[in-house]
Amino acid sequence: MSPSVGVVIPTRGDRPDQLRAATCAALAQDYPGSVEIVIVVDGGDPSRVAGQVADLLAGRSPAVRGETPPPERGVRVLANRFTPGLPGARNTGIAALGTDLVAFCDDDDRWLPGKVDAQVAAVEAAPGAEFASCAIEVEYGSRRVPRLAGTCRVTREQLVRSRMVMVHSSTFLFRRGALWVDESAPGGQNEDWDLALRAAGRHPIVHVDRPLVRVRWGGSMYATRWADRIAGLEWMLARHPDLAVDPRGAARIYGQLAFHHAALGRRREAGRWAWRAFTARRGEPRAPIALAVALGLVPAQAVLSRLHHHGHGI
C-alpha cells in the first residue's frame with residue numbers, strides 16, 4: 001500500500017482565494033494513497049476559514065482551473081494550539097495527523113501535478129531516507145522562473161554553503177515523527193532552513209529536481225520584516241555554528257545582515273556586516289549592494305523587486 005500523506009497548510013485566514021488554490025491543488029494530486037489536509041489558522045478566525053473550506057468541498061467555491069477535489073480526501077480546519085506564529089501552526093498540524101508522511105504547503109503557494117507521487121517514490125526508493133524536497137517555480141507578477149538544484153541529493157554541507165531556495169518549506173515531505181519545527185525561531189524566520197539542516201544532518205535530503213511547486217513571491221510582507229530577518233539570521237548563527245565556517249556561506253549571511261540593517265537605516269551596522277562579508281569572501285555581491293542601500297543610492301525594496309523578477313532573493 002502507498003504511504004498515507006498528511007498536508008499541513010498554515011494560514012491567517014486573510015487570503016481566501018490563495019488558500020483555496022493551495023487546498024485544491026493538494027486535494028487534486030494524482031496519488032494512489034490516502035491524503036489528509038489540515039489547515040491550521042494562526043491568529044485568524046477558524047470558523048470563518050472552516051466555512052470557506054466547506055464551500056469549496058461542496059462545490060460552491062470555484063476550483064482551480066477545473067480541478068475538482070476527490071470526495072474521499074478530507075480537510076480539517078484547526079486553530080494553532082502551540083506557540084503563536086508559523087512554527088507553532090506547523091507543529092499543530094503535525095500533532096493532529098496520524099499519517100505515515102507529512103508535507104507542508106504555504107497558503108499562498110501551489111503544488112503542481114505529480115508532486116506527491118514523485119516525492120513519495122523518491123523517498124521509498126532511497127534506503128533510510130526521511131525527508132524530500134523538489135525544485136520550484138518562482139512566480140513574481142506575471143513572470144515564472146524555475147529554480148533547480150542540479151542534484152537528486154542535498155547534504156547538510158550544501159545547505160550550509162548555500163540556502164538553496166528550492167529546498168523550500170512548500171516542497172517539504174518527511175516521515176511523521178522524525179522531525180518537529182523549532183518554535184523558538186524569532187518571528188518564525190528561518191524555521192524551514194533550520195528544519196532542512198537538521199534533516200540533512202540525519203540523512204541526505206532526497207530531491208526531485210523538477211519544478212513541482214509554484215512559489216508566489218511579492219504577496220507578503222514577510223520578506224521585508226527587516227528586524228525579524230536580522231534576529232532570524234543571528235538565531236541561525238547561534239544554533240548552527242558551522243554556518244560561519246564555510247567562507248562562501250558565512251559571507252552570504254553577513255551580506256544579508258548588512259542588507260537588512262541598511263534597509264532599516266542603520267548605516268554603522270550595515271557597514272560592519274558588509275566588511276565581515278567582504279573579509280570572508282571578497283566576491284560576495286551582497287556587501288556592495290548593502291552599502292548602496294545604506295548610502296541611499298537605491299531603495300531596499302527596489303533591490304528585492306529586481307531580484308524577485310529573476311527568481312532570486314537577497
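- Taken from CG in L112 to CG in L212, the straight-line distance is 6.5 Å, to the nearest 0.5 Å.
- Between S169 and W193 the shortest side-chain heavy-atom distance does not fall below 4.5 Å.
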Please evaluate residues D194 and H240 with respect to the criterion side chain to side chain contact (heavy atoms under 4.5 Å, CB included), reporting the C-alpha separation (whole Å), side-chain torsions for both, the decisive distance (0.1 Å), and the verdict. CA-CA 8 Å; D194 168 72; H240 301 281; 2.7 Å; yes
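- R267 and A294 make their closest contact through NE-O, 2.9 Å (heavy atoms, listed as atom of the first residue, atom of the second, distance).
- Between N190 atom CG and D228 atom CG the span is 10.5 Å, to the nearest 0.5 Å.
- Of all the heavy atoms in R225 and G187, the pair that sits closest is NH2-O, 3.0 Å.
- Under a hydrophobic clustering in which Ile, Leu, Val, Met, Phe, Trp and Tyr are joined whenever their side-chain heavy atoms come within less than 4.5 Å, directly or via other members, I205 and L179 fall into the same cluster.
- Residues R272 and R268 fail the side-chain proximity criterion, which asks for heavy atoms closer than 4.5 Å.
- Distance alone, capped at 3.5 Å, is enough to place a donor-acceptor pair between the S4 side chain and the D100 backbone.
- Under 3.5 Å, the side chains of R163 and H168 contain no donor-acceptor pair of N or O atoms.
- In this structure, R143 places its CZ atom where more than 12 heavy-atom neighbours from other residues, nucleotides or ligands lie under 6.0 Å away.
- Side-chain contact check for R252 versus L257: every heavy-atom pair is 4.5 Å or farther apart.
- In the hydrophobic cluster analysis, where Ile, Leu, Val, Met, Phe, Trp and Tyr join through side-chain heavy atoms closer than 4.5 angstrom, V35 is grouped together with V77.
- In terms of heavy-atom proximity, R216 sits nearest to A21 at NH2-CB, 4.5 Å.
- A donor-acceptor contact shorter than 3.5 Å is absent between the side chain of W111 and the backbone of A28.
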Go through R198 and D182 one step at a time and tell me if the side chain to side chain contact (heavy atoms under 4.5 Å, CB included) criterion holds. CA-CA 10 Å; R198 288 188 284 121; D182 193 316; 4.2 Å; yes
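- You'll find the side chain of V38 stays beyond 4.5 Å of the side chain of V7, heavy atoms only.
- Side-chain atoms of V40 and I9, non-hydrogen and from C-beta on, never get closer than 4.5 Å to each other.
- Between L243 and I253, some side-chain heavy-atom pair lies under the 4.5 Å cut-off.
- Panel note: side chain T23, backbone L19; a donor-acceptor pair is recorded below 3.5 Å.
- The closest donor-acceptor contact from the side chain of H203 to the backbone of P127 lies under 3.5 Å.
- Remark: of the listed residues R147, R144, R110, R144 is the sole one forming a salt bridge (charged side-chain N to carboxylate O under 4.0 Å, His left out) with E139.
- Atom CD1 in I314 sits 8.5 Å away from atom CZ in R229 (nearest 0.5 Å).
- Judged purely by atom type and a 3.5 angstrom limit, D106 has no side-chain atom pairing as donor or acceptor with the backbone of D108.
- Separating the CG atom in D109 from the CD atom in Q18 is a distance of 8.5 Å, to the nearest 0.5 Å.
- Within 6.0 Å of the CZ atom in R248, the count of heavy atoms belonging to other residues, nucleotides or ligands does not exceed 12.
- Panel note: side chain Q189, backbone P186; no donor-acceptor pair is recorded below 3.5 Å.
- Taken to the nearest 0.5 Å, the CH2 atom of W217 stands 13.0 Å off from the NE2 atom of H309.
- Across all non-hydrogen atoms, the minimal contact from A287 to A274 is CB-O, 3.7 Å.
- Under a cut-off of 6.0 angstrom, the local environment of CZ in R210 is sparse, with at most 12 non-hydrogen atoms contributed by other residues, nucleotides or ligands.
- Between Q119 and T171, the shortest heavy-atom distance links the atoms NE2-O, 2.8 Å.
- Within the 4.5 Å cutoff, the side chain of T11 has heavy atoms near those of the I39 side chain.
- At most 12 non-hydrogen atoms from other residues, nucleotides or ligands lie less than 6.0 angstrom from CH2 of W275.
- Within the 3.5 Å criterion, the main-chain N or O of G88 finds no donor-acceptor partner in the side chain of D42.
- Formation of a donor-acceptor pair under 3.5 Å by the E269 side chain with backbone atoms of H261 is not found in this model.
- Judged by the 6.0 Å and 45° rule, R90 forms a cation-pi pair with F104.
- Note that NZ of K115 is 5.5 Å distant from CG of L173, once rounded to the nearest 0.5 Å.
- In this structure a side-chain-to-backbone donor-acceptor pair under 3.5 Å is present from R156 to L197.
- Between the side chain of S162 and the backbone N or O of L159 there is no donor-acceptor pair closer than 3.5 Å.
- Seen from the ring of F259, R286 does not count as a face-on cation partner, given the 6.0 Å and 45° thresholds.
- By the 6.0 Å contact criterion, CZ on R153 is open, its count of non-hydrogen atoms from other residues, nucleotides or ligands being 12 or less.
- Counting all heavy atoms, side chain and backbone alike, P247 lies closest to A280 at CB-O, 3.5 Å.
- No continuous path of ILVMFWY side-chain contacts below 4.5 Å connects V293 to F278, so the two sit in separate hydrophobic clusters.
- A 4.5 Å side-chain heavy-atom check between L237 and L233 finds every atom pair outside the cut-off.
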Between V145 and H310, is the side chain to side chain contact (heavy atoms under 4.5 Å, CB included) condition met? List the steps. CA-CA 7 Å; V145 180; H310 294 283; 5.8 Å; no
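- In the hydrophobic cluster analysis, where Ile, Leu, Val, Met, Phe, Trp and Tyr join through side-chain heavy atoms closer than 4.5 angstrom, V208 is grouped apart from V116.
- A salt bridge is absent between E130 and R175: the closest approach of a Lys/Arg side-chain nitrogen to an acidic carboxylate oxygen does not fall below 4.0 angstrom.
- Looking at N91 and E183, their side chains do bring a donor and an acceptor atom within 3.5 Å of each other.
- Residues Y31 and F131 share a single hydrophobic cluster, defined by chaining ILVMFWY side chains whose heavy atoms lie under 4.5 Å apart.
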For a ring pair (Phe, Tyr, Trp, His ring centres under 6.0 Å) check, start with the C-alpha distance between W273 and Y254, then their side-chain angles and the critical distance, and finish with the verdict. CA-CA 5 Å; W273 284 109; Y254 300 158; 5.5 Å; yes
Would you check, one step at a time, whether the test side chain to side chain contact (heavy atoms under 4.5 Å, CB included) holds for T99 with S34? CA-CA 8 Å; T99 52; S34 169; 5.6 Å; no
